[in-house]
Protein chains: 2
Amino acid sequence: MTDPAKPDATRSSLSKRRLKTWIRLLGVTRRAENHLREFLRVNHDTTLPRFDVMAALWRRRDGMTMTELSRALLVSNGNATAVVDRLEKDGLARRTPSVSDRRTIHVALTDEGLRQFEGLAADHEREVDALFAGLSDADLESLSDILRRALEKRETERDSG
Amino acid sequence: MTDPAKPDATRSSLSKRRLKTWIRLLGVTRRAENHLREFLRVNHDTTLPRFDVMAALWRRRDGMTMTELSRALLVSNGNATAVVDRLEKDGLARRTPSVSDRRTIHVALTDEGLRQFEGLAADHEREVDALFAGLSDADLESLSDILRRALEKRETERDSG
DNA sequence: GCTTAAAGTTTTAGACTTGAAGTTTTTCCG
DNA sequence: CGGAAAAACTTCAAGTCTAAAACTTTAAGC
């Protein structure tokens, strides 16, 4: 358990540093999310979850199942159902029963949904650009690298666990 | 508008890279949050918002006002009220009217709240440590630096805006 | 055909979250 | 002093979110 080569202070400081870094990561993410939520509400009268769903559907233009959607967004399936319900009610998304597997339902943006999202996405990208304007090209490269490594580690764990 | 020194592709790729990095940041954060939520639920029968509130109250042992609490957590004041309501109902937090200002209310952990949080915090730190075990000391340093810069940029904006 | 399992969706109950509106108290300023 | 404005907090309505249970459809085994 104890390692003479590494005094207690060193070991504990690494763990504490991981915790501190995580808390900072969380803080930056929440601030950015809050900013974007406000932006979407004020300028486009929509919400972050709606935007996320529309973005996922836009990326998969030919439609995706509810389960694929909830997995892509890292949210529960019941949650996805509710958001899609509201989008459908507003004429922005459409559900189509699958012909090959009568259990599944394909969701896709309507023409109006596509049109609306494209305007939204351009503004959103500008906003994110401004939000992270303080980060240089090198910063972005480095940040992406580190985050990718953090992600990979976890997926390896999931595979073997 | 156009800058001959920087071709369109270059300018747009920087904006796109910021967007991609933000999406990755969001993904990593959500994955970690989901993991920690599950951990708290299964091992300690509690939730992330409760943990966050307790952590804030633990850091400020002598108590803090509801407004300080909601600002520290980056959530709305109505939200803070609801979470503290539940903690109070469970005997983990206590509200005390301020004597100097009858509008404000001081919130603090009870003895039981303190005791419970200390167990929680130790486990939570271990979990975060494992979650980010893939990140080296240098990674953490670099990540912290970059995030601090992203944060500073935004606060400067808020001051001058 | 019948049972069981698998894949997917929906429902339910409860917690969380926000923004806005409302109450009480304090501060500011004439 | 007295009224307006601001601040702290709560309450409310609507939406978001999760986990777990219920339900539907399909597939597999007997």
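First the proteins, then the strands, lettered A, B, ... as listed; each starts at 1.
You'll find the side chain of A:Arg71 stays beyond 4.5 Å of the side chain of A:Met64, heavy atoms only. Side chains of B:Arg41 and B:Thr46 form no contact here, defined as non-hydrogen atoms less than 4.5 Å apart. Looking at heavy atoms from C-beta onward, A:Glu125 lies out of side-chain contact with A:Val128 at the 4.5 angstrom threshold. Annotation: side chain of A:Thr29 is in contact with side chain of B:Trp22 (closest heavy-atom distance under 4.5 Å).
Applying the salt bridge (Lys or Arg N to Asp or Glu O under 4.0 Å) criterion to B:Arg18, with sequence neighbours excluded, gives A:Asp129.
Ring orientation note: the planes of B:Phe39 and B:His44 are nearly perpendicular, at an angle over 60° on the 30°/60° scale. Taking the six-membered ring for Trp and thresholds of 30 and 60 degrees, A:Trp58 and A:Phe117 have ring planes inclined between 30 and 60 degrees apart.
For B:Thr65, a side-chain nitrogen or oxygen approaches OP1 or OP2 of D:dC9 to under 4.0 Å.
Position along DNA chain D of the nearest nucleotide to B:Thr104 versus B:Asn34 favours B:Thr104 as the more 5'-ward residue. Comparing A:His106 and B:Asp101 by the nucleotide of DNA chain C that holds the closest heavy atom to each, the one mapping nearer the 5' end is A:His106. Nearest-nucleotide positions on DNA chain C place A:Thr81 closer to the 5' end than the other of A:Thr81 and B:Asn77.
Among the protein residues, A:Arg71 comes within range of no part of the nucleic acid, since none of its heavy atoms lies under 4.0 Å from any strand. Within the nucleic acid shown, A:Glu38 comes within 4.0 Å of sugar-phosphate atoms alone, with no base atom in reach, counting heavy atoms only.
For DNA chain C, the contact window with chain B, defined by any atom under 4.0 Å from a protein heavy atom, covers C:dA15 to C:dT26 in 5' to 3' order.
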Would you list the protein and nucleotides 15-17 of chain D atom pairs, both N or O, that sit under 3.5 Å from each other?
from, atom 1, to, atom 2, distance (Å)
D:dT16, OP1, A:Thr47, OG1, 2.9
D:dT16, OP2, A:Arg86, NE, 2.1
D:dT16, OP2, A:Arg86, NH2, 2.7
D:dC17, O5', A:Asn79, ND2, 3.2

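A:Leu74 and B:Phe132 fall into different hydrophobic clusters, where Ile, Leu, Val, Met, Phe, Trp and Tyr are joined by side-chain heavy atoms under 4.5 Å apart, directly or via other members.
Atom CZ in B:Arg103 sits about 8 Å away from atom C1' in D:dA6, given to the nearest Å. B:Ile105 places its CD1 atom 5 Å from the P atom of D:dT10, with the value rounded to the nearest Å.
When atom types are taken as modelled, the side chain of A:Asp90 and the backbone of A:Leu92 share no donor-acceptor pair closer than 3.5 angstrom.
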